[in-house]
Amino acid sequence: MGREKTIRVTVLMGENEKVIEVDRGTALLEVADRANLQDMVVAKVDGRLKELAYKLNNDATVSFLSVTTDIGFDHYKRSISMLMLKAAKDVIGGDEGDYRIEIMYSLGSGFFCKLIEGKKRIELTDELLAAMKKRMQELVEKDVKFEKKICNTRGMRERFIARDLPAKALLLKYRRSSRINIYELDGYEDYYYGYMVPSTGCLKAFDLVRHDDGFVLVIPIKGTMELPSPYKAEKKLYEAMSGAENWGRQIGINYVGELNEAIVEGRANDLILIQEAIMEKQIADIASEIVKNDKRIVLIAGPSSSGKTTFSNRLSVQLRTMGKKPHPIAMDNFFKEREETPRDADGNFDFEGIGAMDLELFNTTMTKLLQGEEVDMPIFDFINGKKVFNKNMLRLDSDDVLVVEGIHALNPKSTYSLPKESCFKIYISALTQLNIDEHNRISTTDTRLLRRIVRDARTRGHSPQRSIFLWGNVRKGENENIFPYQDEADAMFNSAIIYELSAIKVFAEPLLFSVPEDSEEYYEAKRLLKFLDYFLGIDVQSVPNNSLMREFIGGGCFDI
């Protein structure tokens, strides 16, 4: 007997489900329509992520995802980037190699881009951006499909060389497969890390805004389809990213292919030495600024896995070389007593919010220290949920400096009574300067998540599955308590390490492979494995024991 012509599709809709009978070979997009689901961009079929063009041939359980989900938003970002590049091609015209647009890094709710001249001079003007935006809107109204096709890897390398996309061509040199997936949008072809939305009709919210010597492709605020109004680029973040980009160009490594080429040519050790020397100089410069301005309290904050602990230790070493005596202070020791800790909407203790901090005690303690008084410093007992005073006495001499680290260190509410002239605020984050190619960014978030997975498996016994599971809440806390205050900083330290993904690869891959296939975290583990596959690995023996990298892979000289 032949197979039945129809199949049963169970569509999960929140806590409900709907069973639909469709013909074998029906695309997911049609299933979404039959289920009356609008604005869906991707789906999970029996737990596996599939594009909406995917055709079902067997009974299946399907859950559809919109752009307001994390996975759907990733699809939106990739697709809006290709839409912008296609619109630029239509507006600017010309031959391949006349120009290129590089999508460089995230900047607020958008991506900073540059128009790079090729064989002819093209000026970036407001009129050009307006024409590009208009063409994007036309393509959205036409609802053009993103078509995926399988192409020969070598042939596409040659095509990208002809289009003056050397980073994309070099990336493909290190792809093991002889075939790759290419997307086509109304005749425009490109290579992307990850899936696309089904068609341009899904991409309704965007803007193009001039910024410095480039422009920003503005995207919706995560979890919504609303654009920031008005768009604002963080000045200090832009300066930090721009500096990292310039440094990458100086050493000739801005893209993964260039990093792989350096490793193949035996230059990995030189890269390690140069990166560590640059980082040490940056830390020394910050220490000099603190000493020159006679700052008594240094406040350090940054998102998870940005390397705050190693940075604090290395900053303290530099301060010592300048005649100062640093005292590390953890703001976590100034938590409120457990019974005074506020609760979140679910009734759980909210340890991330500033309401969990005993700000009155913190400010009183810091003020007394600045006034030369001797203070019994608290140590928080996390088991019993209480501060303990064990006669841990501290008095500041003229050359002493307090080095305070904590989530809320940059929030003005944390230092409401302290004189500004005594404080020096530092924001630290891994602002990745490396990109996959001209059109595929490396997310700073991905770098930090890989750091956290490796570190927590080594130091806390956390499975990678648990680290991935917790990451959403970690990110929520960062968005509420850290990122809004980064412009409060007097200095911004970029802890990204140009060789780190090649170094962490050997530690992360076995952990990611251990994530069960039937778990919710499997998709993220698989995505990260695919991401790491772009990188050649390196031997980490040459990484110095005081490197920030050691905070995550182990073997460091600091007590972490």
Side-chain angles (χ1 to χ4, degrees), residues 41 67-68 72-92 99-117 122-141 144 146 165 167-168 183 185-186 188 190-197 199-235 237-238 241-242 244-245 254-255 431-433 435-446:
V41 294
V67 295
T68 59
F73 191 52
D74 284 342
H75 286 60
Y76 191 99
K77 290 185 287 187
R78 279 190 293 272
S79 305
I80 199 72
S81 297
M82 187 171 181
L83 174 63
M84 180 271 292
L85 293 165
K86 160 64 178 169
K89 175 66 175 173
D90 289 352
V91 170
I92 297 173
Y99 75 98
R100 71 172 180 268
I101 290 177
E102 295 188 7
I103 301 172
M104 308 191 72
Y105 44 79
S106 179
L107 191 61
S109 290
F111 306 130
F112 181 71
C113 308
K114 277 191 176 180
L115 176 63
I116 309 296
E117 293 178 6
I122 300 168
E123 185 179 358
L124 179 66
T125 63
D126 291 334
E127 291 74 21
L128 176 60
L129 287 182
M132 287 168 55
K133 180 179 176 181
K134 181 181 177 182
R135 181 56 182 155
M136 290 174 72
Q137 291 167 335
E138 291 171 352
L139 290 166
V140 170
E141 290 172 6
V144 184
F146 288 89
L165 296 171
K168 203 174 283 281
Y183 283 93
L185 180 62
D186 194 25
Y188 178 83
D190 209 349
Y191 174 71
Y192 283 89
Y193 156 57
Y195 292 156
M196 294 290 182
V197 302
S199 63
T200 56
C202 302
L203 307 173
K204 296 182 174 66
F206 58 85
D207 200 359
L208 299 177
V209 176
R210 284 285 298 275
H211 184 73
D212 200 22
D213 60 346
F215 67 96
V216 176
L217 170 59
V218 184
I219 59 174
I221 299 167
K222 186 175 181 180
T224 74
M225 281 297 286
E226 301 294 326
L227 292 176
S229 181
Y231 169 78
K232 180 183 178 183
E234 297 94 335
K235 180 181 178 183
L237 177 62
Y238 174 67
M241 294 302 299
S242 180
E245 173 212 339
N254 273 292
Y255 303 103
L431 305 172
T432 310
Q433 65 267 54
N435 277 334
I436 295 175
D437 60 33
E438 291 92 347
H439 303 154
N440 288 274
R441 303 173 309 105
I442 290 178
S443 166
T444 293
T445 303
D446 282 350

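The figures that follow rest on heavy atoms only: side chains count, while hydrogens, waters and symmetry mates do not.
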Side-chain heavy-atom pair Leu237, Leu107 within 4.5 angstrom cut-off
yes
Any pair counted as salt bridge (charged side-chain N to carboxylate O under 4.0 Å, His left out), so long as it reaches residues 208-224, sequence neighbours left out:
Asp70-Lys222, Lys114-Asp213, Asp126-Arg210
Is a side-chain donor or acceptor of Asp437 paired with a backbone partner of Ala167 at a separation under 3.5 angstrom?
no
Assess the residue pair Met225 and Val67 against the criterion (side-chain contact (heavy atoms from CB on, under 4.5 Å)); give the C-alpha distance rounded to whole Å, side-chain angles, the decisive distance to 0.1 Å, and a yes or no.
CA-CA 8 Å; Met225 281 297 286; Val67 295; 3.3 Å; yes
So, taking the atom named CD1 in Ile101 and the one named CD in Glu438, what distance separates them when rounded to the nearest 0.5 Å?
12.0 Å
side-chain contact (heavy atoms from CB on, under 4.5 Å), that's the test. Do Tyr188 and Leu83 meet it? Break it down for me.
CA-CA 9 Å; Tyr188 178 83; Leu83 174 63; over 6 Å; no
Do His211 and Phe215 come within less than 4.5 Å of each other through their side chains, counting heavy atoms only?
no
Against the six-membered ring of Tyr192, is Lys168 placed for a cation-pi contact (under 6.0 Å from the centre, within 45° of the normal)?
yes
Donor-acceptor pair, side chain of Asp207 and main chain of Val218, under 3.5 angstrom:
no
Tell me the closest heavy-atom pair linking Cys113 and Met84, and the distance in Å.
SG-CE, 3.9 Å
Side chain of Thr200, backbone of Leu139: donor and acceptor closer than 3.5 Å?
yes
Once you round to the nearest 0.5 Å, how far does CG of Asp186 lie from CE of Met82?
10.0 Å
Quick check, are the ring centers of Tyr183 and Phe146 under 6.0 angstrom apart?
no
Asp90 with Lys86: basic N within carboxylate O range, under 4.0 Å:
yes
State, to 0.1 Å, how close Thr432 and Ile442 come at their nearest heavy-atom pair, and which atoms those are.
CG2-CG2, 3.8 Å
Mind checking the CG-CG spacing from Asp190 to Leu185? Nearest 0.5 Å is all I need.
10.0 Å
Treating Ser199 as the side-chain partner and Val144 as the backbone partner, does any N or O pair qualify as donor plus acceptor under 3.5 Å?
no
Working to the nearest 0.5 Å, report the span between CE of Met132 and CG of Leu128.
6.0 Å
I'd like to check the ring-ring contact (aromatic ring centres under 6.0 Å, His included) partners of Tyr99; sequence neighbours left out, ordered by chain and number.
none
Taking the six-membered ring for Trp, are Tyr105 and Tyr238 parallel (under 30°), tilted (30 to 60°) or perpendicular (over 60°)?
tilted
Could you tell me whether Glu234 and Lys232 make a salt bridge, using a distance below 4.0 angstrom between a side-chain N and a carboxylate O?
no
Side chains of Ser81 and Leu217: closer than 4.5 Å at any heavy-atom pair?
yes
So, do Arg441 and Ile436 sit near enough that their side-chain heavy atoms are less than 4.5 Å apart?
no
Given Cys202 and Tyr76, is the side-chain contact (heavy atoms from CB on, under 4.5 Å) satisfied, shown in steps?
CA-CA 8 Å; Cys202 302; Tyr76 191 99; 5.7 Å; no
Interatomic distance, Gln433 atom CD to Asn254 atom CG [nearest 0.5 angstrom]
8.0 Å
Could you check whether any side-chain heavy atom of Leu227 comes within less than 4.5 Å of a side-chain heavy atom of Ile219, counting everything from C-beta outward?
no
Show your reasoning for whether side-chain contact (heavy atoms from CB on, under 4.5 Å) applies to Met136 and Phe206.
CA-CA 9 Å; Met136 290 174 72; Phe206 58 85; 3.6 Å; yes
Could you check whether any side-chain heavy atom of Met196 comes within less than 4.5 Å of a side-chain heavy atom of Ser79, counting everything from C-beta outward?
yes
If I compare all heavy atoms of Ile221 with all of Ser109, which pair ends up nearest, and what's the gap?
CG1-OG, 4.2 Å
Mind checking the OH-CG spacing from Tyr255 to Asn435? Nearest 0.5 Å is all I need.
6.5 Å
Donor-acceptor contact below 3.5 Å, side chain Arg100 vs main chain Leu115:
no
